[in-house]
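Everything on this sheet refers to the single structure shown next.
All residue numbers in this chain count up from 1 along the given sequence.
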Amino acid sequence: MAEEFESYNSVTLTDENGRDIEFELVDAIEHGGRKYCVLFPAEMPAGERGNSEPVILEYIADENGDYLEELADEDEYDEIYGIYLDAGE
């Protein structure tokens, strides 16, 4: 996992209904000069994660601070998800 993420175990995201949901950071991936966070809901048992796709968000650090952003398209998600799966083997 990338050094800047080593101190993070979880992150709280707000869904479209305004509800806060805690996610566990399970991996951070650097690819193509960009950084991504792989997240699963914190209440999801580790044994169930193999049957579910994670939330993958891009990590951005700029003059506005550090934040997570949704991926631009499904192809980008599929590429990063594939890297995550390959790393787990």
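- Distance alone, capped at 3.5 Å, places no donor-acceptor pair between the Asn17 side chain and the Arg19 backbone.
- With contacts defined as side-chain heavy-atom distances shorter than 4.5 Å, the pair Ile83/His31 qualifies.
- Contact check for Leu68 versus Cys37: side-chain heavy atoms found under the 4.5 Å cut-off.
- Atom CE of residue Met44 and atom CZ of residue Phe23 lie 9.0 Å apart, to the nearest 0.5 angstrom.
- Applying the salt bridge (charged side-chain N to carboxylate O under 4.0 Å, His left out) test to Glu76 and every residue at least two apart in sequence or in another chain returns Arg34.
- Residues Asp15 and Ile21 come closest through the heavy atom pair OD2-CD1, 3.8 Å.
- Annotation: side chain of Leu57 is in contact with side chain of Val55 (closest heavy-atom distance under 4.5 Å).
- Residues meeting the side chain to side chain contact (heavy atoms under 4.5 Å, CB included) test with Asp20, sequence neighbours left out: Thr12, Thr14.
- Of all heavy-atom pairs spanning Tyr59 and Asp66, the tightest one is OH-OD2, 2.9 Å.
- Contacts of Phe40 classified as ring-ring contact (aromatic ring centres under 6.0 Å, His included), with partners at least two apart in sequence or in another chain: none.
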task: Begin with the C-alpha distance, continue with both residues' side-chain angles, and end with the deciding distance and a verdict on side chain to side chain contact (heavy atoms under 4.5 Å, CB included) for Lys35 and Ile60.
output: CA-CA 7 Å; Lys35 297 175 183 178; Ile60 299 173; over 6 Å; no
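- For the pair Val38/Ile29, a side-chain contact is recorded, criterion being any heavy-atom separation below 4.5 Å from C-beta on.
- At a cut-off of 3.5 Å, with distance as the only test, a side-chain donor of Ser10 or Glu22 sits close to an acceptor on the other residue.
- For Asp62, the side-chain hydrogen bond (donor to acceptor under 3.5 Å, both in side chains) criterion is met by Tyr67, not counting sequence neighbours.
- The side chain to side chain contact (heavy atoms under 4.5 Å, CB included) search around Glu53 returns Tyr77, Tyr81, not counting sequence neighbours.
- Two residues are said to be in side-chain contact when any heavy atoms from C-beta on lie closer than 4.5 Å; Leu39 and Asp27 fail this criterion.
- Summarising the geometry, atom CD1 belonging to Ile56 is positioned 9.5 Å from atom OH belonging to Tyr36; distances are rounded to the nearest 0.5 Å.
- Every residue two or more places apart in sequence or in another chain that forms a side chain to side chain contact (heavy atoms under 4.5 Å, CB included) with Glu74 is listed here: Asp78.
- When every heavy atom of Glu58 is checked against every heavy atom of Leu71, the shortest pair comes out as N-CD2, 3.7 Å.
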